[in-house]
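Sharing a structure here in structure tokens format.
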Amino acid sequence: MRYDYTTIEKKWQDKWEEAGVFHAKNGCEKPKYYALIEFPYPSGQGLHIGHPRPYTALDIVARKRRMQGYNVLFPIGWDAFGLPTENYAIKTKTQPAEITQHNIKRFTRQCKAMGFSFDWSREVNTTDPKYFKWTQWIFLKMFEKGLAYKKKMAVNWCTSCKIVLANEEVVDGVCERCGGTVIRKEKSQWILKITEYAQRLLDGLDTVDFIERVKVANRNWIGRSTGSEVDFATTAGETLKVYTTRPDTLFGATYMVISPEHPLVEKWADIIENFDEVKKYQEASKRKSDFERTELAKDKTGVELKGIKAINPVNNKEIPIFISDYVLMTYGTGAIMAVPGHDTRDWEFAKVFNLPIVEVVGGGDIEKEAFTDVETGILVNSDFLNGLEVEEAKKKITEWLEERNLGHPKVNFKLRDWVFSRQRYWGEPIPIIICPKCGFVPLKESDLPLELPKVESYEPTDTGESPLAKVRDWVEVKCPICGGDAERETDTMPNWAGSSWYYLRYMDPHNDKEFASQEAINYWGQVDWYNGGMEHATLHLLYSRFWHKFLYDLGLVPYDEPYAKRTSHGMIMGENGEKMSKSRGNVVNPDDVIAEYGTDTLRLYEMFIGDFEKAAPWSTTAIKGCKRFLDRVWVLTELATEGDEISKANESSIHKTIKKVTEDIETMKFNTAIAAMMSLVNEFYEKGCNKADLRMLTIILNPFAPHITEEIWESLGFVHDGLLLAQETWPAYDEEKTIDNVIEVPVQVNGRLRATVTLPMDCDKEEAIRTAISDEKVATAIEGKNIVKQIVVPNKIINIVVK
RNA sequence: GCCGGAAUGGCGGAAUUGGCAGACGCCCGGGACUUAAAAUCCCGUGAGACUCAAAUCUCGUGCCGGUUCAAGCCCGGUUUCCGGCACCA
């Protein structure tokens, strides 16, 4: 008999909601546990089949923790600002807020149908003025502390979306969202000084339990390097400051390169003999998109600044200066000393311009390629550094430079400040008034939230201004300081803003006095387990850690890291192994799956599909196995015999399974936890089971398949004290009972398996060998040969070596 | 180019971290039930050799080599694939 999942699932979802069993209680005396999933962007497509994978995983953790006696916070909300909604609004001439409401409704229905144990009473929505009031408030705090500032700068401009992109949103030189061409454009932008926290964002990684690949991605993104800043005198008078990680190669610096945007170029306009040529190169590189610059990376280009030379401080040799776009103004000092013998890029450039290549670190063949090995090289042609290893030479030259005031040690980061403004409508308005007399004037806290005005058209403008700029009666205001005519900032925040602190809002979501009360923040502390996609490792994760550290500095949060533990799930691919997409026609809709198999099966399959951390292809046939398993569990309710105590026959297997499931959930090995429960059910079919046996299975299966197990719990009369299965206590296993007293041990002869023998647990070596050689097959194998060695690994294996 | 990760049956994947390779599931084959089909239940299922069959043996974790009584796991080399970063001095 098959179970009627449609009726059952709805029934228990209603009961859970009615009983409010998943509500977290602030200040509860139980130990707290905060499990967090990345709140979704409520897109027009509805819930993707990939969403339930991480949601189910942490739902299992949350449900298990509740059963283990924790006060669990497992919240849900909507990261609802964003471009797709705005683009859809433009297309359909509807309000973004309306579209958002509509999409949220659909996502809510879908999430509820999955039976996730979210605390719906704490639902947040980043587009709700009650929420973004505090996003704006945190921004103003940053402004107050000098961490938010406006600056004219070259930004990434998507020619298709007509919007400024953060560096993080430019992927392979094109717009991450639409794939459009990205060019450099000068614009005045709000910037957040995340670089001020670079070192702390790096150090903090050592104090948290993040999976290694997340830490590595973060470290690479922050990109800390240590080296020296060195001053080169020039014949023009000005000093040219460079940054290098290889000061030991200073004797090999045969020319210099500065970025085309370097300010000294303008300063030297009158002295540079070929200024027209230089100017032309500058303009050409300015027009290049990032994509072109990357594409042309192999071919080095540049122009020498004729009439000016730099002087190498170690040997006072005059060397030429070039401009080239392979030197970036945004990193280091925008100028480098070129050591073609020991830097690949400099080597390539030197080959193009026929510049001298001098070997100063021996060990390679600099005729063929630059020798960059720092482990084995020995300094040559370097006067007082000769004979030293690279590390020693670095130390010595750094001291030498410092003594003469020519240079000093310096740490640099690849991380750049966060371009924080967007010229779009559907985002949090930046709560700043621009007054011709008073400058940037922040709104008073009492004027927050600054809401979005309703507008007729959300079309972005070609000038690059936000659609808000057209709403004159919103833009034109009086300056709060001087009372004169002023204008509002019309840029909005990027959608990374609302997600940078949402986990704090969940702690106290209805507070209209503070972003969350201190009691709530202190009670919930850090997020205990945060799971999310790898694609957010360097964006959202870094941004929110930065905001959190800022709030920590203000004394508003008790920990300087928001997330104690971070894990990541693999994607669910299409059945053909490719990424799911409409254009590939391999999209699976969770609503259809639920209709065909029920939610419990979908949840189970998403967990059984493979290693949680790895991508896995969807299979329309493999999911049937999970359905069959649940059907088999269901049938057990009829097969189970009476019994109040766990049967002797199943006792050992039950305890082993409890142990396996208990441990596997903690290490995210959901697939093997389910396999263990399947094996147990197979055993129940072989050996029979009683109701007490089935009761245990029902409890440990509950976090995975919560609906069917509640129904079984009720139908078999396990309900006590009016409690739901979700409120039951997680079973403890008896370690003793997971250990067998007799054990099958394989016997090898010369490393080849010949037999298995049955031995008592922990029996001694002599007995093991005696039993082994008395086995017929083993005896045959060693007959007429000398036993050279006997290896007995207790309870594992016996290996007899013969000659 | 650099930094991660991976490679195991027809398929998704297991393997207590050096100890019976292939758990669990899918697919497939055979049988039972059925007028029949679906569903369900039972049996089989890495490849090969010898067998009527059973038994038995050999080979087998991308490739080459090493360490070890014993290697999917450790070491050296190599190929391929996936992900991230990418002129960061």
Side-chain angles (χ1 to χ4, degrees), chain A residues 1-2 171-173 212-221 223-225 227 242-246 249 257 259 293-294 296-298 300 324-328 330-339 342-346 348-349 372 412-416 534-535 537-538 570-571 577 604-605 608-611 613-626 628-629 631-632 635 659-660 663 669 671-682 685 744-756 777 780 788-802:
Chain A
M1 190 195 76
R2 298 169 70 178
V171 175
D172 294 331
E212 200 51 32
R213 57 198 174 120
V214 169
K215 286 193 182 184
V216 168
N218 269 265
R219 289 197 188 104
N220 289 344
W221 192 268
R224 184 183 197 270
S225 76
V242 301
Y243 172 70
T244 177
T245 55
R246 295 293 304 277
T249 62
V257 187
S259 157
R293 274 176 86 143
T294 322
L296 299 169
K298 306 131 214 161
K300 294 283 179 289
S324 173
D325 61 9
Y326 86 85
V327 174
L328 310 172
T330 46
Y331 184 78
T333 62
I336 61 154
M337 64 175 208
V339 184
H342 307 284
D343 180 280
T344 312
R345 295 147 303 175
D346 297 346
E348 287 164 0
F349 190 87
T372 56
N412 257 312
F413 296 94
K414 287 191 202 172
L415 185 72
R416 294 184 217 166
M534 271 314 279
E535 70 274 22
T538 48
M571 253 197 288
L604 207 62
Y605 179 58
F608 187 65
I609 195 166
D611 185 337
E613 296 198 66
K614 288 194 205 125
W618 184 263
S619 164
T620 47
T621 51
I623 189 172
K624 290 179 206 279
C626 290
R628 255 174 229 151
F629 167 66
D631 282 334
R632 278 161 70 79
V635 170
K659 181 179 181 179
K660 179 87 180 138
E663 291 173 353
K669 291 161 84 172
N671 53 340
T672 50
I674 293 166
M677 290 187 280
M678 286 174 168
S679 294
L680 186 67
V681 168
N682 291 345
Y685 269 80
E744 291 275 300
V745 177
V747 183
Q748 297 179 333
V749 176
N750 287 351
R752 289 227 165 91
L753 179 71
R754 293 297 162 191
T756 55
K777 290 172 202 154
T780 321
V788 197
K789 208 170 178 183
Q790 298 167 339
I791 294 131
V792 178
V793 182
N795 309 322
K796 282 270 165 68
I797 204 160
I798 297 163
N799 192 5
I800 300 166
V801 185
V802 293

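All chains are named by letter (A, B, ...) in the order of the sequence lines, taking the proteins before the strands, and each is independently numbered beginning at 1.
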Exercise. Under a 4.5 Å cut-off applied to non-hydrogen side-chain atoms, are V747(A) and V745(A) in contact?
Worked result: no
For this session: Check if the side chain of K414(A) and the base of rC85(B) share a donor-acceptor pair of N or O atoms closer than 3.5 Å.
Result: no
Exercise. With a non-hydrogen cut-off below 4.0 angstrom, is S619(A) in contact with a base, only sugar-phosphate, or nothing?
Worked result: nothing
For this session: Going 5' to 3' through nucleotides 10-15 of chain B, assign each nucleotide B (protein heavy atom under 4.0 Å from a base atom), S (under 4.0 Å only from sugar-phosphate atoms) or - (no protein heavy atom that close).
Result: --BSSS
For this session: For nucleotides rC28(B) and rA38(B), find the distance between their P atoms and express it as a whole number of Å.
Result: 11 Å
For this session: Give V216(A) one of three labels, base, sugar-phosphate or nothing, depending on what nucleic acid heavy atoms sit under 4.0 Å from its own.
Result: sugar-phosphate
For this session: For rA15(B) versus rC85(B), give the span between their P atoms, rounded off to a whole number of Å.
Result: 30 Å
Exercise. Atom CZ of R246(A) and atom P of rC87(B): how far apart are they, to the nearest Å?
Worked result: 20 Å
Exercise. Do any side-chain nitrogens or oxygens of N682(A) fall under 4.0 Å of OP1 or OP2 in rG25(B)?
Worked result: yes
Exercise. Using a cut-off of 4.0 Å on non-hydrogen atoms, how would the nucleic acid contact of R632(A) be classed: base, sugar-phosphate, or nothing?
Worked result: sugar-phosphate
Problem set entry | Nearest-angstrom distance from the residue atom CD of E212(A) to P of rC3(B) | 15 Å
Problem set entry | Atom C1', compared across rG44(B) and rG10(B): separation rounded to whole Å | 16 Å
Exercise. Under the rule syn = chi within 90° of 0, otherwise anti, which is rG25(B)?
Worked result: anti
Exercise. Who passes ring-ring contact (aromatic ring centres under 6.0 Å, His included) against Y243(A), sequence neighbours left out?
Worked result: none
Exercise. Around M571(A), counting heavy atoms of other residues, nucleotides and ligands shown, do more than 12 lie under 6.0 Å from its CE?
Worked result: no
Exercise. On a whole-Å scale, what distance lies between the P atoms belonging to rG19(B) and rC75(B)?
Worked result: 15 Å
For this session: Kindly compute the distance separating OG1 (T249(A)) from CG (D343(A)), expressed to the nearest 0.5 Å.
Result: 8.5 Å
For this session: Check the distance between rG83(B)'s P and E613(A)'s CD and give it to me in whole angstrom.
Result: 17 Å
Problem set entry | Euclidean distance, atom CG of residue N750(A) to atom P of rU58(B) [Å, nearest integer] | 11 Å
For this session: Could you tell me whether the side chain of N799(A) and the main chain of G751(A) form a donor-acceptor pair under 3.5 Å?
Result: yes
For this session: Name the nucleic acid region contacted by R628(A), choosing base, sugar-phosphate or nothing; use a 4.0 angstrom heavy-atom cut-off, strictly under.
Result: sugar-phosphate
For this session: Could you measure between the two P atoms, the one in rG60(B) and the one in rG65(B), and give it in whole Å?
Result: 12 Å
Exercise. How far apart are the closest heavy atoms of T756(A) and P746(A), and which atoms are they?
Worked result: CG2-CA, 3.8 Å
For this session: Would you kindly compare M678(A) and T330(A) by the position of their nearest RNA chain B nucleotide and give the one closer to the 5′ end?
Result: M678(A)
Exercise. With no hydrogens and no angle check, is any side-chain donor or acceptor of Y605(A) less than 3.5 Å from a backbone partner on G625(A)?
Worked result: no
Seminar exercise, completed: salt bridge (charged side-chain N to carboxylate O under 4.0 Å, His left out) filter on K659(A), not counting sequence neighbours, yields E735(A)
With 3.5 Å as the limit, what N/O pairs link the protein to nucleotides 53-57 of chain B?
{"from": "rU56(B)", "atom 1": "OP1", "to": "K777(A)", "atom 2": "NZ", "distance (Å)": "3.4"}
{"from": "rC57(B)", "atom 1": "OP1", "to": "R754(A)", "atom 2": "NH1", "distance (Å)": "3.2"}

Exercise. Of all heavy-atom pairs between V749(A) and V802(A), which one has the smallest distance, and what is that distance?
Worked result: CG1-CG2, 3.9 Å
Seminar exercise, completed: When rounded to whole Å, the CD to P distance for the pair E535(A) and rG83(B) reads 13 Å
For this session: Working to the nearest 0.5 Å, report the span between NZ of K669(A) and NZ of K660(A).
Result: 5.0 Å
Seminar exercise, completed: Side-chain contact check for D343(A): nearest option of rA89(B), rG19(B), rC26(B) is rA89(B)
For this session: Write down the distance between NZ (K796(A)) and P (rG19(B)), rounded to a whole number of angstrom.
Result: 7 Å
For this session: Return the set of residues passing salt bridge (charged side-chain N to carboxylate O under 4.0 Å, His left out) with R628(A) (not counting sequence neighbours), or none when no residue passes.
Result: none
Exercise. Does some side-chain heavy atom of M678(A) sit less than 4.5 Å from a side-chain heavy atom of F608(A)?
Worked result: yes
For this session: With P as the reference atom in both, quote the distance from rC73(B) to rU61(B) in angstrom, rounded to an integer.
Result: 9 Å
Exercise. Would you say rC59(B) has OP1 or OP2 under 4.0 Å from some side-chain N or O of R752(A)?
Worked result: yes
For this session: Would you please enumerate the stems RNA chain B participates in, each stem being three or more consecutive Watson-Crick or G-U wobble pairs with both distances under 3.5 Å?
Result: B:1-7 with B:79-85, B:10-12 with B:24-26, B:28-32 with B:40-44, B:46-49 with B:56-59, B:62-66 with B:74-78
Exercise. Could you state the CZ-P distance from R213(A) to rG5(B), rounded to the nearest angstrom?
Worked result: 10 Å
For this session: Verify the contact: side-chain N or O of K789(A) to OP1 or OP2 of rC69(B), cut-off strictly under 4.0 Å; return yes or no.
Result: yes
For this session: Scan A675(A) against the nucleic acid and name what it touches under 4.0 Å (heavy atoms): base, sugar-phosphate only, or nothing.
Result: base
Exercise. For the atom pair CZ (R246(A)) and CG (D346(A)), what is the distance rounded to the nearest 0.5 Å?
Worked result: 11.5 Å
Problem set entry | Closest to the V793(A) side chain, choosing from rG19(B), rA89(B), rC24(B) | rG19(B)
Exercise. When the nearest nucleotide of RNA chain B is assigned to E744(A) and to Y331(A) on a heavy-atom basis, which residue is associated with the more 5' position?
Worked result: E744(A)
Exercise. What distance, rounded to whole Å, do you find between the two C1' atoms, one in rU45(B) and one in rA36(B)?
Worked result: 28 Å
For this session: Could you tell me whether a side-chain N or O of D611(A) sits under 3.5 Å from a main-chain N or O of E613(A), the two making a donor and an acceptor?
Result: yes
For this session: For rG46(B) versus rC52(B), give the span between their P atoms, rounded off to a whole number of Å.
Result: 23 Å
Exercise. Can rU17(B) be described as syn, meaning its chi torsion is within 90° of 0, or is it anti?
Worked result: syn
For this session: Using a heavy-atom cut-off of under 4.0 Å over every strand shown, decide if N799(A) touches base, sugar-phosphate, or nothing.
Result: base
Seminar exercise, completed: Whole-Å distance, M571(A) CE to rG84(B) P, equals 8 Å
Exercise. Do the non-hydrogen side-chain atoms of R632(A) and N682(A) ever get within less than 4.5 Å of each other?
Worked result: yes
